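Take this structure first; my questions come after.
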2 protein chains.
Amino acid sequence: MAIPTPAATTGLREIKKQETRQLISDHATRLFIAQGFEQTTIAEIAAAARVAKKTVTNYFPRKEDLALDHQEQFAVSLAAAVTARRQGESALAALRRAFADAVAAQDPVAGFSGQQFARMIADSPTLSACLRGLHDQREHHLARALAEATGAHPDDITVQTAAGLLSAVHRVLFHRIQTLTLAGHPNDQIAHTIAAEAAEAFNLLEPALSSYGTD
Amino acid sequence: MAIPTPAATTGLREIKKQETRQLISDHATRLFIAQGFEQTTIAEIAAAARVAKKTVTNYFPRKEDLALDHQEQFAVSLAAAVTARRQGESALAALRRAFADAVAAQDPVAGFSGQQFARMIADSPTLSACLRGLHDQREHHLARALAEATGAHPDDITVQTAAGLLSAVHRVLFHRIQTLTLAGHPNDQIAHTIAAEAAEAFNLLEPALSSYGTD
DNA sequence: GGCAAACTTGCAACGGACGTAATTATAGCC
DNA sequence: GGCTATAATTACGTCCGTTGCAAGTTTGCC
């Protein structure tokens with residue numbers, strides 16, 4: 001997926017901004033992995049990147065933003081899967097297929113983040129809380145997409161519940177991938193295990209939502 | 001529910017500790033309601049309660065602990081409902097009944113917290129994140145209870161998924177009560193509305209888990 | 001070449017979290 | 001009933017994330 005950059009003239013200023021941002025992000029990730037998230041200070045990152053502390057907090061308003069990338073992509077992933085579902089495909093079927101694809105591709109957005117990254121998150125209450133918030137945002141986006149797909153009011157209890165149930169399955173599977181990653185399993189083996197478990201999990205929900213959100 | 005106090009001799013010291021704790025908590029709640037959670041500093045609370053700053057953070061390690069009470073009770077509520085379910089009653093039925101009871105009693109643990117309290121939480125990212133963490137803990141406790149009830153391994157994907165689905169319904173309904181509270185509806189009206197919506201939400205899950213966790 | 005806008009920088013302040021040592025008051029024991 | 005060990009409270013101080021502000025520097029445009 002190339003960067004769209006809508007009318008973003010690649011002037012010298014934009015180029016240097018992107019370089020500076022990447023420079024800070026790279027040093028931050030390296031330090032977080034090496035010595036943990038909480039143990040790394042913004043001052044250290046700024047010193048490593050040879051920029052001012054203020055520049056770091058200017059590009060990344062909160063410290064968590066330095067560690068968790070692709071937040072927006074994660075938050076809209078389920079809603080996008082529903083919006084882009086095939087003709088006659090239910091929301092559940094679309095989300096099942098989307099997860100299977102993500103597992104096959106070992107997509108980081110599905111939870112394939114590497115052992116060191118998973119450990120960094122697990123060891124940091126701040127990052128764990130931030131991840132919970134992202135799961136929450138993802139559910140809300142999904143609820144909006146489901147409301148649009150079914151023509152129901154966004155506050156409708158059935159819409160809200162369906163979004164909660166569907167995102168719960170994805171969240172449980174995400175957490176399972178993280179757990180297996182932390183346990184040291186290689187991605188290939190995790191993908192194999194999770195594929196079978198995902199079938200069980202989605203099958204459990206099938207009787208409840210088999211035709212929900214079908215065109 | 002009286003305080004068990006297992007062999008807790010009600011010495012003068014324990015009494016004064018409880019008084020001090022209550023004094024701090026009362027002043028904190030009052031200030032949070034009056035001027036918001038983030039806008040209130042621990043120093044202000046300490047000054048209002050006429051104690052040292054350190055005494056506040058000694059009784060309440062984190063600032064959130066000053067605002068959110070009964071955290072442990074909330075976290076174990078779903079697990080307790082499953083553990084105490086009747087003979088032959090499914091986990092879903094037990095949780096449906098527990099929620100109906102909580103709504104009838106307008107239990108704060110179910111979300112009946114009053115408009116000012118709901119606003120305090122909604123206006124504070126810190127408290128919202130803390131509440132998400134509590135929902136997460138509640139799901140994990142439920143998963144353990146379900147594993148024990150079904151004899152399955154706690155890491156079993158069916159157990160994890162069932163816990164995720166069941167707690168998702170409770171979480172959606174909790175959030176709905178908060179939303180209605182923020183909108184200014186009186187508790188009686190909310191209880192009436194939610195009772196009907198809860199029936200819809202649990203009915204949605206019924207085909208999936210009607211017999212799960214039955215003795 | 002010069003001007004306006006933007007980015008970067010350094011400094012400062014605030015607030016929450018944590019640690020430590022000193023003071024005070026209680027509870028158990030003789 | 002007095003003494004001592006224990007535990008809470010207090011008053012410091014430090015660290016770190018976050019925010020605001022003014023000055024300096026670079027970029028893009030005229």
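Side chains included, hydrogens not; waters and symmetry mates left out as well; all remaining heavy atoms used. Bear in mind that the values here come from a model prediction, so they are computed numbers and not experimental data.
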Within residues 23-41 of chain B: residues closer than 4.0 Å to DNA chain C (heavy atoms) =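 Residues of residues 23-41 of chain B under 4.0 Å from DNA chain C: B/Thr40, B/Thr41.
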
Within a reach of under 6.0 Å around CD of B/Glu148, are more than 12 heavy atoms found that belong to other residues, nucleotides or ligands?
->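 12 or below, so no.
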
Compare all side-chain heavy atoms of B/Leu204 with those of A/Ile157 and state whether any distance is below 4.5 angstrom.
->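 SC-SC contact between B/Leu204 and A/Ile157 ruled out.
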
A/Arg62 CZ - C/dG16 P separation (whole Å) =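 Answer to the nearest Å: 19 Å.
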
Working for side chain to side chain contact (heavy atoms under 4.5 Å, CB included), residues A/Thr126 and A/Phe37 | CA-CA 9 Å; A/Thr126 303; A/Phe37 179 79; 3.9 Å; yes

Nearest whole angstrom, please: distance from the C1' of D/dG17 to the CG of A/Leu66.
->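 Rounding to the nearest Å, CG of A/Leu66 and C1' of D/dG17 are 12 Å apart.
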
Would you kindly give the CD-to-P distance between B/Glu19 and D/dT9, to the nearest whole Å?
->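 Result: 12 Å.
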
What about the rings of B/Phe112 and B/Phe117, do their centers lie closer together than 6.0 Å?
->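 Distance test on ring centres: not under 6.0 Å, no.
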
Quick one: are A/Gln39 and A/Phe32 in side-chain contact, heavy atoms under 4.5 Å?
->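 Result no, sub-4.5 Å side-chain heavy-atom pair not found.
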
Lys/Arg-Asp/Glu bridge criterion (N-O < 4.0 Å) met for B/Glu44, B/Lys53 =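 Here B/Glu44 does not pair with B/Lys53 in a salt bridge, since their nearest N and O are not under 4.0 Å apart.
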
Centroid-to-centroid, A/His175 to A/His170, below 6.0 Å?
->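 Judged by ring-centre distance (under 6.0 Å), A/His175 and A/His170 do not meet the cut-off.
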
Aromatic plane relationship, A/His135 with A/Phe74 - under 30° parallel, 30 to 60° tilted, over 60° perpendicular |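 Rings of A/Phe74 and A/His135: perpendicular, as their planes differ by over 60°.
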
Would you please confirm or rule out a distance under 4.0 Å between OP1 or OP2 of C/dT8 and any side-chain N or O of A/Tyr59?
->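 Looking at the OP1 and OP2 atoms of C/dT8, one of them is under 4.0 Å from a side-chain N or O of A/Tyr59.
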
Is any NZ, NE, NH1 or NH2 atom of the basic residue among A/Glu139 and B/Arg171 found under 4.0 Å from an Asp or Glu carboxylate oxygen of the other?
->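 Salt bridge present between A/Glu139 and B/Arg171.
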
For atom CD of A/Gln35, decide whether the heavy atoms of other residues, nucleotides or ligands shown that lie under 6.0 angstrom number more than 12.
->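 Buried by this count: over 12 neighbours within 6.0 Å.
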
Do side-chain atoms of B/Asp65 reach the backbone of B/Arg62 as a donor and acceptor pair under 3.5 angstrom?
->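 The answer is yes, because a donor-acceptor pair under 3.5 Å joins these two groups.
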
Can you find a side chain N or O atom of B/Lys17 that sits less than 4.0 Å from OP1 or OP2 on D/dA8?
->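 Checking D/dA8 against B/Lys17, a side-chain N or O does come within under 4.0 Å of OP1 or OP2.
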
Under 4.0 Å: is that the gap between some side-chain N or O of B/Asn58 and OP1 or OP2 of D/dT9?
->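 Yes, within the criterion.
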
Would you jot down, in residue-number order, the residues of residues 117-136 of chain A having a non-hydrogen atom under 4.0 Å from DNA chain D?
->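 Going residue by residue through residues 117-136 of chain A, none turns out to have a heavy atom under 4.0 Å of DNA chain D.
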
Pull out every residue in residues 42-56 of chain A that has a heavy atom closer than 4.0 Å to any atom of DNA chain C, ordered by number, or say none.
->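 Hits under 4.0 Å, by residue number: A/Val51, A/Ala52, A/Lys54, A/Thr55.
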
Atom NZ of A/Lys16 to atom C1' of D/dT26: distance rounded to whole Å?
->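 Taking atom C1' of D/dT26 as the reference, NZ of A/Lys16 is at 7 Å.
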
Interatomic distance where NZ belongs to A/Lys63 and C1' belongs to C/dG15 [whole Å] =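 Atom NZ in A/Lys63 sits about 16 Å away from atom C1' in C/dG15.
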
